[in-house]
Amino acid sequence: MAERILLTNARVLACTGGADERPVAADVLIEGDRIVRVAPGVLLDPGAARVVDLRGATVLPGLGDAHVHLSWPLDFVFDHQAIAKTPPGEHMLDVAAVVRTFLESGYTFVIGAGTTQPQDDLLIDDAIRRGLVPGPRIVPSGPMIAEVGGLGGDGEMMEVAADAKSLREIVARQCDQGVRALKLFISGDGVVPEFPSEDVYMNDAMLSAAVAEADRHGAFLTVHARGSASVAMAARTGVRIVHHACFLDDAAVKALEARRDDLWVCPGLHYLYAMVSGHAEPYGMTPEKIEASGYHAEFASQIEGMRRLREAGIGILSGGDFGHQWTRHGTYAAELRRYVEFAGMTPVEAIHTATRNMGGVSGLPIGQVREGFLADLLVVDGDPSADIGVLLDPARRRAVLKDGDFAYVNPGLYP
Ligand SMILES: [Zn+2]
């Protein structure tokens, strides 16, 4: 029989309810990698399970981040070229440190948003699955894909497609290697003034071909899309995750709404917040550069856009390009804090973007503390449904379980 663990004396934030959900007193019985019971006062024969008394701590689903660059080391300073050129062995140790940081920060699930060395996500995913290094469940990405003439189209850091046929070939090759989250650049980015956010790259025929090819492999498309027109194109062609979506006109919202059962938006609000708040200034992002990027307008527009997305019932995912020195690895839950501070979410609604919604987008039984779901859990001191800051404090993080095993226990618990 599979090993059983009974978590007793817990407050369970199940992430199965609405915006007013609160933790309730319950025990959680885990058998193998699954949650098999969530109820108060679970009684078992002595010796039938390993009993762990959580002494009133809160148990919630392990968190997820849907926009992750595992390739960016802990000391990353936007030096993409240097990362690409680092000897692969040395680089993979950096990647191992990053996945460990995700796990120890309470993140048991990530979706790749593009690699710097092509095999980063695939290699580290394999190492984690084999138990060589601790890390989250990964939907692996590969190199980002750009269009000839578009942002990234110089081919220095990305694969480049000229038409639907060549894009389809790139998607097929990445999928054959194991990539399951393709990352395409279909808009510009204000931070690169020659490629403004309103620019649209690729077209309906290219995206439709890429979606069909990915689908054939059980993979899906994610896109960098900042302007309205690119967002609308992503929605009508079958893209699953729209990253950023900074500008949303009526047509874009309508197109997203038509796909709300199988499309999610991943804003990256904390990244913009950090940029416009001057946190990147020590790393060369001067006030003049930020001014020129239009990020102030994007930040305001994204907040308004998130309000419209919520009203339209479009699923929002937590995720945010973490790994810069101004959005450091390990501070991933800052994205949730910004949702509460600026986007009008309750703490629980924000938590749902990192838990229950990750189950929706991935199709995996994750993101809820519920019978039959995978036992990927986070144990914290305090109530994150009352204070989202609880998730940002490493000292309050007691333990992380993945696949029903204790994958991290805070060493500070045993002084
Ligand atoms: Zn990114």
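We count ligands from 1, going down the list as the structure has it; atoms in each ligand are counted the same way. Residue numbers run from 1 in the order of the sequence given.
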(request) May I ask you to check whether His324 and His279 place their ring centres under 6.0 Å from each other? (result) no

(message) Suppose the cut-off is 2.8 Å; which protein N/O/S atoms would you list for the Zn ion (ligand 1)?
(response) His67 NE2, His69 NE2, Asp321 OD1

(request) Go through the side-chain N and O atoms of Asp376 and Tyr107 and say whether any donor and acceptor fall under 3.5 Å apart. (result) no

(request) Could you tell me whether Tyr273 and Phe342 have their ring centroids closer than 6.0 angstrom? (result) yes

(message) Angle between ring planes, His244 versus His67, binned at 30° and 60°: parallel, tilted or perpendicular?
(response) tilted

(request) Just do the side-chain contact (heavy atoms from CB on, under 4.5 Å) check on Arg308 and Asp250 with the steps written out, would you? (result) CA-CA 10 Å; Arg308 297 192 69 183; Asp250 292 347; 2.7 Å; yes

(message) Can you list everything that forms a side chain to side chain contact (heavy atoms under 4.5 Å, CB included) with Asp163? Sequence neighbours excluded, please.
(response) Lys165, Ser166

